[in-house]
Engineer: 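Please see the structure below; I have some questions.
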Amino acid sequence: MILFANILLALAKIIELANGLLTVYKYILLASVIISWVNADPYNPIVNFIYRVTEPALRRIRRYMPDTGMLDLSPLVLFALIYLVQIVVFDTAYSYLIIYSNQLKGGVL
């Protein structure tokens with residue numbers, strides 16, 4: 001049982017890492033929004049990296065959104081989706097994995 005509890009604990013840590021990576025992606029997405037407001041050099045390696053990382057997801061969202069003219073709401077939709085995944089999926093899975101791991105080890109929360 002201890003082995004299974006440690007496997008659950010390792011899965012919880014992997015979920016925690018994925019949650020942290022999504023948080024980093026949110027900051028990159030915020031940088032993309034700020035860069036879109038200013039006239040940044042598209043040949044700058046940092047700007048180029050930010051666009052290459054965020055544009056595929058934003059492009060998929062833009063396909064299903066109505067045309068709002070100059071106002072691009074796709075970053076807001078992506079922020080909402082990331083928060084939804086972080087709260088509903090990752091936090092729930094992390095909590096259950098930690099609880100079951102502690103129960104299998106015989107510990108009390």
Engineer: Establish whether Met70 and Val38 are linked, either directly or via other cluster members, by ILVMFWY side-chain heavy-atom contacts under 4.5 Å.
Structural biologist: no

Engineer: With the 4.5 Å side-chain cut-off for hydrophobic clustering, are Leu21 and Ile14 part of the same group?
Structural biologist: no

Engineer: Is it the case that one hydrophobic cluster holds both Trp37 and Tyr51, taking links as side-chain heavy atoms less than 4.5 Å apart, direct or via other members?
Structural biologist: yes

Engineer: Check side chain to side chain contact (heavy atoms under 4.5 Å, CB included) between Leu76 and all other residues, then give those that pass, not counting sequence neighbours.
Structural biologist: Leu73

Engineer: Is the closest side-chain heavy-atom distance between Ile2 and Leu104 below 4.5 Å?
Structural biologist: no

Engineer: Show your working on side-chain contact (heavy atoms from CB on, under 4.5 Å) between Leu78 and Tyr25 and close with a plain yes or no.
Structural biologist: CA-CA 10 Å; Leu78 188 55; Tyr25 188 78; 4.0 Å; yes

Engineer: Could you tell me which residues satisfy side chain to side chain donor-acceptor pair (under 3.5 Å) with Gln86, sequence neighbours excluded, listed by chain and number?
Structural biologist: Asn19, Thr23, Lys26

Engineer: Nearest 0.5 Å, please: how far is CG in Leu3 from CE in Met1?
Structural biologist: 11.0 Å

Engineer: Applying side-chain contact (heavy atoms from CB on, under 4.5 Å), run through Phe90 and Glu16 and close with a yes or a no.
Structural biologist: CA-CA 7 Å; Phe90 287 164; Glu16 189 176 26; over 6 Å; no

Engineer: Are Leu17 and Val53 co-members of a hydrophobic cluster defined by side-chain heavy atoms under 4.5 Å apart?
Structural biologist: no

Engineer: Atom CZ in Phe79, atom OG in Ser74: separation rounded to 0.5 Å?
Structural biologist: 10.5 Å

Engineer: Would a hydrophobic clustering, with Ile, Leu, Val, Met, Phe, Trp and Tyr connected at side-chain separations under 4.5 Å, put Ile35 with Tyr27?
Structural biologist: no

Engineer: Let me confirm one number: the OG-CG distance from Ser101 to Leu9, rounded to the nearest 0.5 Å.
Structural biologist: 4.5 Å

Engineer: Output the distance between atom CD1 (Ile46) and atom CD1 (Ile28), rounded to the nearest 0.5 Å.
Structural biologist: 11.5 Å

Engineer: Looking at Val47 and Pro42, what are the two nearest heavy atoms and their distance?
Structural biologist: CG1-CA, 4.2 Å

Engineer: Would you mind checking if Glu55 and Arg62 are paired as a salt bridge, meaning a charged N to carboxylate O distance below 4.0 Å?
Structural biologist: yes

Engineer: Which residue is it: Val89, Ile87, Val88? I am looking for the one with a side chain to side chain contact (heavy atoms under 4.5 Å, CB included) to Asp91.
Structural biologist: Ile87

Engineer: As an exercise, state the distance from NZ of Lys105 to CG of Leu8, rounded to the nearest 0.5 Å.
Structural biologist: 9.5 Å

Engineer: By side chain to side chain contact (heavy atoms under 4.5 Å, CB included), which residues pair with Asp41, not counting sequence neighbours?
Structural biologist: Tyr43, Asn44

Engineer: So do Val77 and Tyr64 actually touch side chain to side chain, heavy atoms under 4.5 Å?
Structural biologist: no

Engineer: Closest approach of Ser32 and Thr54, non-hydrogen atoms and distance?
Structural biologist: OG-OG1, 3.4 Å

Engineer: Just how far is it from atom CG of Leu58 to atom CE of Met65, taken to the nearest 0.5 Å?
Structural biologist: 10.0 Å

